[in-house]
Amino acid sequence: YYLKITIVDRLWTDVVEPARRRGYAHVWIAGISMGGLGALALAREHGDALERVIVLAPFLGPKDLLEQIAAAGGPARWTPTDPSDPYQRLWTWLKGASPKPRLQLAFGTDDRLAPGHRLLAQLLPPDAVAEEAGGHEWVTWRKLWRRFWPATT
């Protein structure tokens, strides 16, 4: 779905639309790593249909783009250079003022993707971000889930 760039269509058609047809008024989407990217891409396209998006250690784009955003002084000061690039479109949406579902981010302090997570954290309220010791692995994600969303476990 990611290689064919159909993840948003699949999530919408296979998950969100059926849930809404069944009467679910509060739809939350969660994703880990590439799944976090998919959740954010869905929110970018259909944010009005989602109440909350929970991402654990999401993939947020290639290293050179994240370095470019950091070098600009963070996402709020960064200006996209290629509007056709899907990662730049995602970051443009993330930093924009458009209405979004509540976004929550959790990641390990030693995660190899943490530099991007820290950039995203700059755009979120402090209570929407959780860090836990650990890397890009299930043991860390489980700890984060239990700490950040204990009522769902």
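Bear in mind the structure is a predicted one, so any value in this text is a computation, not a measurement. This chain uses plain numbering: 1 for the first residue, then up along the sequence.
Put simply, CG on Leu37 and CG on Leu90 are 6.5 Å apart, with the number rounded to the nearest 0.5 Å. With rounding to the nearest 0.5 Å, the separation of OG1 in Thr79 from CD1 in Ile69 is 10.5 Å. To the nearest 0.5 angstrom, Leu42 atom CG is 12.0 Å from Arg10 atom CZ. Rounding to the nearest 0.5 Å places CG of Leu105 at 8.0 Å from CG of Leu56. With rounding to the nearest 0.5 Å, the separation of CG in Leu11 from CD in Glu45 is 11.5 Å. In this structure, Leu50 CG and Arg102 CZ are separated by 14.5 Å, a value rounded to the nearest 0.5 Å.
One N or O on the side chain of Gln88 and one on the backbone of Asp82 form a donor-acceptor pair closer than 3.5 Å. Without hydrogens or angle criteria, Trp91 side chain to Leu60 main chain gives a donor-acceptor distance under 3.5 Å.
Here the shortest heavy-atom pairing between Gly61 and Leu66 reads O-CD1, 3.7 Å. Minimum interatomic distance between Asp111 and Leu113 (heavy atoms only, all atoms of both residues): OD1-N, 2.7 Å. Residues Pro58 and Leu40 share a closest heavy-atom pair of CB-CD1, 4.4 Å. The shortest heavy-atom contact between Gly31 and Ala39 is N-CB, 4.3 Å.
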Return a table of donor-acceptor pairs under 3.5 angstrom between the side chains of residues 122-135 and protein atoms on other chains or two or more places apart.
unit_1 : atom_1 : unit_2 : atom_2 : d
Glu131 : OE1    : Arg118 : NH2    : 3.4
Glu132 : OE1    : Arg147 : NH1    : 3.2

Do any side-chain atoms of residues 15-25 form donor-acceptor pairs under 3.5 angstrom with protein atoms, and if so which ones, sequence neighbours left out?
unit_1 : atom_1 : unit_2 : atom_2 : d
Glu17  : OE2    : Trp12  : NE1    : 3.0
Arg20  : NH1    : Ala49  : O      : 3.4

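Contact check for Thr81 versus Gln68: side-chain heavy atoms found under the 4.5 Å cut-off.
The ring pair (Phe, Tyr, Trp, His ring centres under 6.0 Å) pairs that include a residue from residues 109-132 are Phe107-His117, where partners are two or more places apart or lie in different chains. Applying the ring pair (Phe, Tyr, Trp, His ring centres under 6.0 Å) definition to pairs two or more places apart or across chains, those involving residues 60-88 are Phe59-Tyr87.
Under the rule for a side chain to side chain donor-acceptor pair (under 3.5 Å), the partners of Arg52 that lie at least two apart in sequence or sit in another chain are Gln104. Considering only residues two or more places apart in sequence or on other chains, Trp141 meets the ring pair (Phe, Tyr, Trp, His ring centres under 6.0 Å) condition with His136, Trp138.
The cluster map of Ile, Leu, Val, Met, Phe, Trp and Tyr, joined by side-chain heavy atoms under 4.5 Å apart, puts Ile32 and Val139 in different clusters.
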